[in-house]
Amino acid sequence: MDKLNRAFYERDTIEVANDLLGKHLVHLENGIQRVGKIVEVEAYLGQHDLACHSSKGLTKRTQVMFGPAGYAYVYLIYGIYHCVNVVTEKEGQGAAVLIRAVEPLLNIAIRTQGPGLLCKAMGIDKRLNGHDLLSDDFFITTCPDQLPMTIIKKPRIGVHYAKHWEKRLLRFYIKNNPYVSRR
DNA sequence: TGCACGATGAAC
DNA sequence: TTCATCGTGCAC
């Protein structure tokens, strides 16, 4: 179980998104370790990507996205749920990968299929915005016995406002995995 | 200072 | 299809 290093995140966003599938997301909170296998992600390519929050430019909200790779960008959506992203590429690109669903592996009590639910299930909220994913309480590791898997590519969810970007195949998930959202 | 609107999820 | 609920970004 090797923790993913800075070089892993500091690469092309689409490659990072694909490589994150099958990896283990780990969060330690109050002595409880929660682990979920990443089964669904979306790539947000940076300032030119109209579906990406960083397309608004550098603001208080997006500053984490414009920072160095390997940090968590957590935000509140619809005033109710949180969503987690991992920042990718070189500092200043404003690119990230949204984690949309995980498969419960350890200490996860409720459903995790969807970005809002997985955050709720793993105790992830705004306190973790800007948190280093190379820390000891919130990180991602390789899966020791990862079997071969087929990756499905689809348009991203809920980005109808993003003009032609809506059609880009930037959502990736593991084929036939029951924990993928909206199938 | 105010207001419209979400990278959602669940109910009806 | 509707609704809960609030931080953000932008208009005024």
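For the numbers below, each heavy atom of this structure counts, side chains included, while hydrogens, waters and symmetry mates do not. A note on names: the letters A, B, ... follow the listed sequences, proteins ahead of strands, and every chain is numbered from 1.
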In the 5' to 3' direction, the nucleotides of DNA chain B bounding the stretch that comes under 4.0 Å of a heavy atom in chain A are dG6(B) to dA10(B)

Between R6(A) and E10(A), does any side-chain N to carboxylate O distance fall below 4.0 Å?
no

Using the C1' atom on both, measure dA10(B) against dG7(C) and round to a whole Å.
22 Å

Of all pairs that satisfy ring pair (Phe, Tyr, Trp, His ring centres under 6.0 Å), the ones with a partner from residues 11-38 of chain A, not counting sequence neighbours
H27(A)-F138(A)

Looking only at side-chain N and O atoms, does D137(A) offer a donor or acceptor that is under 3.5 Å from a partner on H131(A)?
yes

Pick out the pairs of N or O atoms, protein on one side and nucleotides 2-7 of chain C on the other, that lie under 3.5 Å.
unit_1	atom_1	unit_2	atom_2	d
dT5(C)	O2	Y78(A)	O	2.3

Members of residues 40-52 of chain A that approach DNA chain B, where some heavy atom sits under 4.0 Å away:
Y44(A), A51(A)

Using atom P in both nucleotides, what's the gap between dC10(C) and dA7(B) to the nearest angstrom?
13 Å

Stretch residues 109-122 of chain A: residues that reach within less than 4.0 Å of DNA chain B through a heavy atom
R111(A), G114(A), P115(A), G116(A), L117(A)

A quick test of your reading: do over 12 heavy atoms of other residues, nucleotides or ligands sit less than 6.0 Å from CZ of R127(A)?
no

Name the nucleic acid region contacted by L98(A), choosing base, sugar-phosphate or nothing; use a 4.0 angstrom heavy-atom cut-off, strictly under.
base

Could you tell me whether R61(A) contacts a base, only the sugar-phosphate backbone, or nothing, with contacts defined as non-hydrogen atoms closer than 4.0 Å?
sugar-phosphate

For DNA chain B, list all stems, counting runs of three or more consecutive pairs where every pair is Watson-Crick or G-U wobble with both distances under 3.5 Å.
B:1-6 with C:6-11, B:8-11 with C:1-4

Could you check how far NE2 of H82(A) sits from C1' of dT8(C), rounded to whole Å?
15 Å

Donor-acceptor pair between T112(A) and E103(A) side chains, under 3.5 angstrom
no

If we count only N and O atoms by modelled type, under 3.5 Å, do the side chains of T88(A) and T13(A) hold a donor and an acceptor together?
yes

